[in-house]
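Below, chain A is the first sequence line, B the second, and so on; all start at residue 1.
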Amino acid sequence: MTPLTLTDLSFAYQTKPIISHLSYHLPSGQLSLLVGPTGCGKSTLLKLMAGLLIPTAGKMNHPGMVSMMFQQAGEQFTMATTRDELIFALENLQVPASDYPKRVAKAVAFTQIEPLLDQPINTLSGGQKQRIALSILIAMDVDMLLLDEPFASVDPEGRTFLIKKLGQLRDQGKTILISDHVLSGYETVCDHLFRFSANALKEVDAASLSALFRANQGLGQWSFTLTPTSSVFELQEMTLTTGKQLLQPTQLALYQGAITLITGPNGSGKTTLFKALTKMLPYGGSLKYQQHELTKLRSKTYLTQVAQIFQASTDQFLRVTVADELALSSSMRNAYFTPERLNRVIHNLHFDDKLDQSVYTLSGGQQKQLQLLLMLMTQHQVLLIDEPLTGLDSQAVKQMVTLMQDVHAALGQTMLIISHQIAPLAPICQYHLHFANQQLNYQEH
Amino acid sequence: MNPSLKFILILILSLAISIKMSLTANYTLIGLALCYLVTKRIPSKRLLVLLLSPLPAALTVFLTLNFFTDQPNTYVALNLSSRIYVYVALIACLSLTTTASTFARSLEQNLHLPSKFAYGVLAALNLLPQMRDNILRIRAAGMMRGLYLSFWSPVLYFKAILLALNSAENLAWAMQTHGFQEGAPRSTIIAVPLRRKDWIEFASLLIPALGLIVLFK
């Protein structure tokens, strides 16, 4: 198979150039990683390669069938169930009905999605959706797989599983290009690593690559406290059910003024717990916020004290431009964000030249940074933060973790953080709650 | 019956009863539709919802025409209010017995509608539950930032439309990455048959029903 080749390729959104005069060969039959700072144009590049965007200039030759997996796990399906989506994709490729059972059986066995086949896709977790997205590309038997931060919301086990499967696909001769900020797990399968910055793709040589992977290891030692303090939320015999039971009757306190990390496998109910805590979903048993039962509190006043930072950044935005969003949050900002400090943060996060830009045209990582900043500026006593680090490069991760830490040190809010990325968050979290098998438990490590 | 034929039958009958008033036909059609739904084992709870939901509209129409007009007319009042029930019952015969994906496949295979239309609509339908969630989430997001958005606030819907536009672009890309190309031929894995039996059923329901509408008051 001929490699994918870009020759002098350029692309601009309206008049803003994103990629100019880029030339590149993607090695075929290999697994390559694509890394680069937040907002450098990785997603745009992948969409160009997949033929979803049309380059404004330059040439690209395609080595066969190319398909793509997206950052937003939920918005890549046309049909309601996995089986229907598989049928839809195979019909598009004009696969005859006689070949259908064989193709589906192979894809289902490879990704182990048998139990999910007839479930409505919108009831599945982010990790499960990505597993399904992969199974569809396998059933389609595409030659080249482009994956745009596919594991952002996938738990560590799911991630290890999917990376192993991608390695096997590479061994079968598929060409794979993955954009990711987290390098752990790729040590054994990665053939090439390309760094995308300043409008050029540079391959990292083998020696530097193994050094990079080595630097990533040994980050697995954390410890958390188990000593209780005064509580802000009290769960008494609380249960959670969405179609199936997610939480068995539970007795637990969430501690005031502390940062608590919440981990657990995909689909265990972490986000559902946040939904219950923000009164967006009913619960069983009792759930008290500062001694008041949640059902008795009015959303309008309660949500001025307890806020959620949603998994999808765009859900948080209420205005159109970056400046308008900042202005809305500025009108009721907390004591930490003095005008000087706010300006400095805006500058450090490189938003000062994007103030007039629509929030919807920012890259996934930039949206996440803006969303976190907007919500850290508010006067809430409790922040429920769902996946704050998705789409962020290591530099941006450091910046945002430091910002959360500084705001917390100054104001002492209660923060609950859901994340699969334990390493960068562990140093600022006092407690660790693990959600698995319908149980919530504090852990020491 | 084949979903597309069922759809056409419902369309013709609905048009016919809106052109020619026939109380006998209205009652017969409602009765037949309910019998059909019962034989299809639709849960009684859903049937009850079906019967109760058009009630306010039907009642308003009846009371207005029977009591609050210059020339009250019980026949017209009964006719127009029962007509609402005919529409609801007929549409239920399609929507409660056919899944959206089967209907889309039938439109594509039997009526040869462009696949872009059939699957575009289907993808949008599958986004609907997400849209409802979105509206609730936008309201919560507003309250969390000191902005109370009532259910008639334009900001709420402006934001919902922005999100929908965003989703529409992602959805178009999603269809493309799963091999969909506008106007390209597609194979048929799940066939929706259109048999002689379907045509016979169609004709044997349509002709008597039209006769009833035309001949009876």
Any B/Ile190 side-chain heavy atom under 4.5 Å of A/Phe88 side chain: no

Distance-minimising heavy-atom pair for A/Asp84 and B/Ser101: OD2-OG, 3.3 Å

Atom NZ of B/Lys20: over 12 foreign heavy atoms under 6.0 Å: yes

Pairs of heavy atoms under 4.5 Å with chain B: top-ranked of A/Ile136, A/Thr378, A/Val306: A/Ile136

Stepwise side-chain contact (heavy atoms from CB on, under 4.5 Å) test for A/Met280 and B/Asp133: CA-CA 9 Å; A/Met280 294 216 274; B/Asp133 274 5; over 6 Å; no

Check: B/Ser187 side chain, A/Val95 main-chain N or O, donor-acceptor pair, under 3.5 Å: yes

Option that, when pairs with chain B are counted at under 4.5 Å, heavy atom only, ranks first among A/Thr301, A/Leu146, A/Thr314: A/Thr314

Heavy-atom closest contact (A/Asn92 atom, B/Gly179 atom, distance): CB-O, 3.2 Å

Worked check of side-chain contact (heavy atoms from CB on, under 4.5 Å) between A/Phe310 and B/Met144: CA-CA 11 Å; A/Phe310 300 113; B/Met144 287 169 195; 4.2 Å; yes

Any side-chain heavy-atom pair of A/Phe77 and B/Asn126 under 4.5 Å: no

Minimum heavy-atom distance B/Arg186-A/Gln94, with the two atoms named: CA-CG, 4.0 Å

Shortest non-hydrogen contact from A/Asp315 toward B/Ala141: O-CB, 3.7 Å

Cation-aromatic face contact A/Lys300/B/Tyr148, 6.0 Å, 45 degrees: yes

Nearest heavy atoms of A/Phe317 and B/Lys159, plus distance in Å: O-NZ, 2.6 Å

Segment of A/Met65 engaging chain B (4.5 angstrom heavy-atom cut-off): neither

Gap between atom CG of A/Leu86 and atom CD1 of B/Ile189 - 0.5 Å precision: 9.0 Å

Intermediate values then yes/no, side-chain contact (heavy atoms from CB on, under 4.5 Å), B/Arg137 and A/Gln316: CA-CA 8 Å; B/Arg137 217 175 301 125; A/Gln316 207 93 46; over 6 Å; no

Contact origin within A/Lys279 toward chain B - heavy atom pairs under 4.5 Å: neither

Contacting region of A/Ser299 [heavy-atom separation from chain B under 4.5 Å]: both

Min side-chain heavy-atom separation A/Arg319-B/Leu147 under 4.5 Å: yes

Within 6.0 Å of CD in A/Gln379, more than 12 heavy atoms from elsewhere: yes

A/Gln76 and B/Leu171: CA distance, side-chain angles, deciding distance, side-chain contact (heavy atoms from CB on, under 4.5 Å) verdict: CA-CA 6 Å; A/Gln76 46 188 343; B/Leu171 215 55; over 6 Å; no

Which atoms of A/Ala50 approach chain B - backbone, side chain, both or neither, heavy atom under 4.5 Å: neither

Aromatic ring pairing A/Phe70/B/Trp173, orientation class (parallel under 30°, perpendicular over 60°, tilted between): parallel

Identified side-chain contact (heavy atoms from CB on, under 4.5 Å) counterpart of B/His178 within the set A/Glu91, A/Met68, A/Glu85: A/Glu85

Toward chain A, the part of B/Ala140 with a non-hydrogen atom under 4.5 Å: both

Which atom of B/Met143 lies closest to which atom of A/Thr304, heavy atoms considered: O-CG2, 4.0 Å

Contact check, side chains of B/Arg145 and A/Glu325, non-hydrogen atoms, under 4.5 Å: yes

Engaged part of B/Leu165 at the chain A interface, taking heavy atoms whose separation is under 4.5 Å: neither

Under 4.5 Å from a heavy atom of chain A, the part of B/Arg139 involved: neither

Backbone N/O of A/Ser67 and side chain of B/Thr177: donor-acceptor pair under 3.5 Å: no

Chain B contact via A/Ile121 - which portion, at a heavy-atom distance below 4.5 Å: neither

Value rounded to 0.5 Å, distance of OG in A/Ser358 from CG in B/Leu162: 7.5 Å

Region of A/Met79 that comes under 4.5 Å of a non-hydrogen atom in chain B: both

